[in-house]
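The block underneath contains the structure these notes are about, expressed in structure tokens.
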Amino acid sequence: MTLESFVTLGKKRIEESGIECADPMLHMKQILGVSIGLDSLNFYSRWSEPLTDAEIELANQFLERRLRGEPFQYLVGYEWFWHSRFNVGPGVLIPRKETEHLVEELLKLRGSESLKIGELGAGSGNIGISVLLERPQWEWHAFEINPESMPYLGRNLGELLPLDAKYFVHEGNFFELSKDFAPYDVIVSNPPYIAAPEMEKLSREVKSEPRLALVGGEEGTEILKHFIAASFQFLKPGGLFLTEIGSDQGPKIKEVLENSGFKSVEVLNDYSGLPRIAKGFK
Ligand code: GLN
């Protein structure tokens, strides 16, 4: 079977499968290219040539995984975030573009000071690694409860950060462990904030990602509320609290922050104009 015929057959299967895909032809080319390790130049120069048996087997494995709804990033094994390439795969949340706003906000802080930062939910390490690459004098305490994320986090730290970086991984529950390292200058998170009933309506791709990293309770805001109360306790006076929120949670979270004692509370929009970040100072 030639590359061309494999792509034509696969494209049809993608169309029939109902997975998230804007351009089935292009997507099938990407799946085939990634599975057998061809860049676009080599891909098109072999377009009318036959695949080997080993290549067909590999390509079929990748296609079947994708047709079951596994995100493309899990097949490729990475996703770009800020300026770096993060290893991802089943068991870890795929970094999202909108989360880059947290990095932007953090980098607005004065770089010369040595700050201690706590993070709920490190995932792939995307936020902390991106920030420490630009602010190597800062100290980052990342708390991650999901053991399946750990191999990705470890690999990303090893590949992306220098050996003397002050990035500390704490495996376990933020609410139990973070007080041991308090007080912090900053507490930050992209926490789980999806309501459990909403999760059922999301795509197969999102459902393939770790539930622990996504679902914030029946209403969605349960973990956020707990996180806000704990952060007020563990921040230094004047310290910054910064979190990603669901686009419909702005007014609610602003109220919770103000009622918890935070000052100068603001909700900021993402690039598409949706409320996405809440911040306040102790
Ligand atoms: N910090 C990671 C991210 O933003 C993981 C967040 C999480 O587990 N909810 O992608």
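Note that this is a predicted model, so its numbers are computed, not measured. Atoms within each ligand, like the ligands themselves, are counted from 1 in listed order.
- Distances between N or O atoms of A122 and those of ligand 1 include at least one value under 3.5 Å.
- Centroid-to-centroid, the aromatic rings of F174 and F227 come within less than 6.0 Å.
- Annotation: atom 6 (C) of ligand 1 to nearest protein heavy atom, N190 O, 3.2 Å.
- What you find for A142 and Y167 is that their closest heavy atoms are CB-OH, 3.3 Å.
- Below 3.5 Å of separation, one finds an N or O of G121 facing an N or O of ligand 1.
- Listed by number with element, the atoms of ligand 1 under 4.0 angstrom from any heavy atom of A213 are 7 (C), 8 (O), 9 (N).
- Of all the atoms in ligand 1, the ones that sit under 4.0 Å from a non-hydrogen atom of I127 are 1 (N), 4 (O).
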message: Go through it in stages, so that I can follow the logic: the residues are S5 and T2, the test is side chain to side chain donor-acceptor pair (under 3.5 Å), and I'd like the CA-CA distance, side-chain angles, deciding distance and then a yes or no.
response: CA-CA 5 Å; S5 36; T2 63; 2.8 Å; yes
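- Taking the centre of each ring, F281 and F241 stay at or above the 6.0 Å mark.
- In the vicinity of E119, heavy-atom distances shorter than 4.0 Å reach the ligand 1 atoms 1 (N).
- Taking atom 2 (C) of ligand 1 as the reference point, the nearest protein heavy-atom neighbour is N126 OD1, 3.2 Å.
- Close approach to T99 involves these atoms of ligand 1, each under 4.0 Å from a residue heavy atom: 4 (O).
- A ring-centre distance under 6.0 Å is found for F232 and F262.
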field: Derivation of the side-chain contact (heavy atoms from CB on, under 4.5 Å) call for L63 and M28
entry: CA-CA 8 Å; L63 178 60; M28 189 54 231; 3.7 Å; yes
